[in-house]
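Here is the structure we will look at, set down as structure tokens.
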Amino acid sequence: MDFYDRDIVSIRDFTREEIEYLLDLSEKMMPYATGDKTGRLLDGKILGNLFFEPSTRTKLSFESAACRLGCDVIDVSEMSMTSISKGETLADTIRMVDAYCDLIVLRHPYEGAARLAAKFSQNPVINAGDGAGSHPTQTLLDLFTMRQSKGSLDGLNVVLVGDLKYGRTVHSLAEALTMFGAKLTLVAPDTLQMPDEIVNHIKDKGCDPVKTANLEDVIDKADVLYITRIQRERFPDPTEYKKVAGMYRIDNAMLREAMSDMIVMHPLPRIDEIAPEVDSSEHAKYFQQAFNGVPVRMALLCAILGGELP
Ligand code: NCD
């Protein structure tokens, strides 16, 4: 399996076998991610973290993954602190950062930004979220979490709930799950349903998703309930956001309808989609999911930068 020097822009760039290889490698990274084992597998490398949108988990888990493997990190977190604020183009910024590091991790408000960056960078670029586009590394950790909890990814019944229009995590996830023969249910109001481009893509690949606005009707069949935040910052009109805000909320009463081994996932941050009482239930996997960003990103960094593999 050859990931050396590869850009990670979309989950569509992967085959099912490649995803399985990375998940297996992530498993081997687990003791390094917890700190039980140490090793400078990426000694002498430099990661450039460019986050032009807010991030806690993605940015810090890339940093944690890099630091624990002996890879140094340079970063910029605000466009206002870069020459972009002086009028520099993204292409020029990327060319410069490229010269200072071995791999660029980019989060950007515009869809397509990572694809553009990959064109201008000699070194590999990882898409850490491009506007309402996609978020392939989140998908890898989502799949890792599902496999960890359910034993296998094959044929899972997955219910995706919330902002399926602007939520980039569910775009990549729906595409990846299709490679594993998942049955997908898309729960959202019509105005926030999955974009046609993605639905057509997964249909072409053999998945025929069910669409509904009513979570209560489908929760009892789910192996995985993946709920997302309504992406307030992407709404052109704030009154449209108010109409859908708070529409879905998981609480313990609702979970009584679910199968006992159904898992609840969320890419986080949550606003009010999951009641805090759910945190202590057996169903809750979202904090484990967030931690899993570390071993999964370790695996990716090692595979792309040619690090010594465990
Ligand atoms: C998500 C994102 O940034 O797309 N968060 C994440 O990376 N874990 C989800 C969100 O912001 O709602």
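Just follow the structure's listing: the first ligand is 1, and inside any ligand the first atom is 1.
Residue contact check: Q231 has heavy atoms under 4.0 Å from atoms 10 (C), 12 (O) of ligand 1. Listed by atom number, the atoms of ligand 1 under 4.0 Å from T58 heavy atoms are 6 (C), 7 (O). For ligand 1, the atoms closer than 4.0 angstrom to any heavy atom of L268 are 1 (C), 5 (N), 6 (C), 8 (N), 9 (C). Near T169, with a cut-off below 4.0 Å to any heavy atom, the atoms of ligand 1 are 1 (C), 4 (O).
Looking at R147 and D24, a side-chain N of the basic residue comes within less than 4.0 Å of a carboxylate O on the acidic one, giving a salt bridge. Using a cutoff of 4.0 Å between basic side-chain nitrogens and carboxylate oxygens, D154 and R16 are scored as salt-bridged. K59 has a carboxylate O that lies under 4.0 Å from a charged side-chain N of D75, or vice versa, which qualifies the two as a salt bridge. No salt bridge links R95 with D98; every basic N to acidic carboxylate O contact stays at or beyond 4.0 Å.
For atom 4 (O) of ligand 1, the closest heavy atom belonging to the protein is R168 NE, 2.7 Å. Atom 8 (N) of ligand 1 has its closest protein heavy atom at P267 O, 3.0 Å. Nearest protein neighbour of atom 11 (O) of ligand 1, counting heavy atoms only, is R229 NH2, 3.0 Å.
Only the side chain of H135 comes within 4.0 Å of ligand 1, counting heavy atoms alone; its backbone N, CA, C and O stay farther away. Contact annotation for T228 and ligand 1: no heavy atom of the residue comes within less than 4.0 Å of the ligand.
Side chain of S85 to main chain of T82: a donor-acceptor pair is present (N/O by atom type, distance under 3.5 Å, no hydrogens or angles).
Atom CD of E282 is surrounded by 12 or fewer heavy atoms from other residues, nucleotides or ligands within 6.0 Å.
Using a non-hydrogen distance threshold of 4.0 Å, R107 registers as a contact of ligand 1.
Checking E175, E53, E111 one by one against R168, the salt bridge (Lys or Arg N to Asp or Glu O under 4.0 Å) holds for a single residue, E53.
F52 has its ring centre no less than 6.0 Å from the ring centre of Y110.
Geometrically, ligand 1 and P269 share no nitrogen or oxygen pair separated by less than 3.5 Å.
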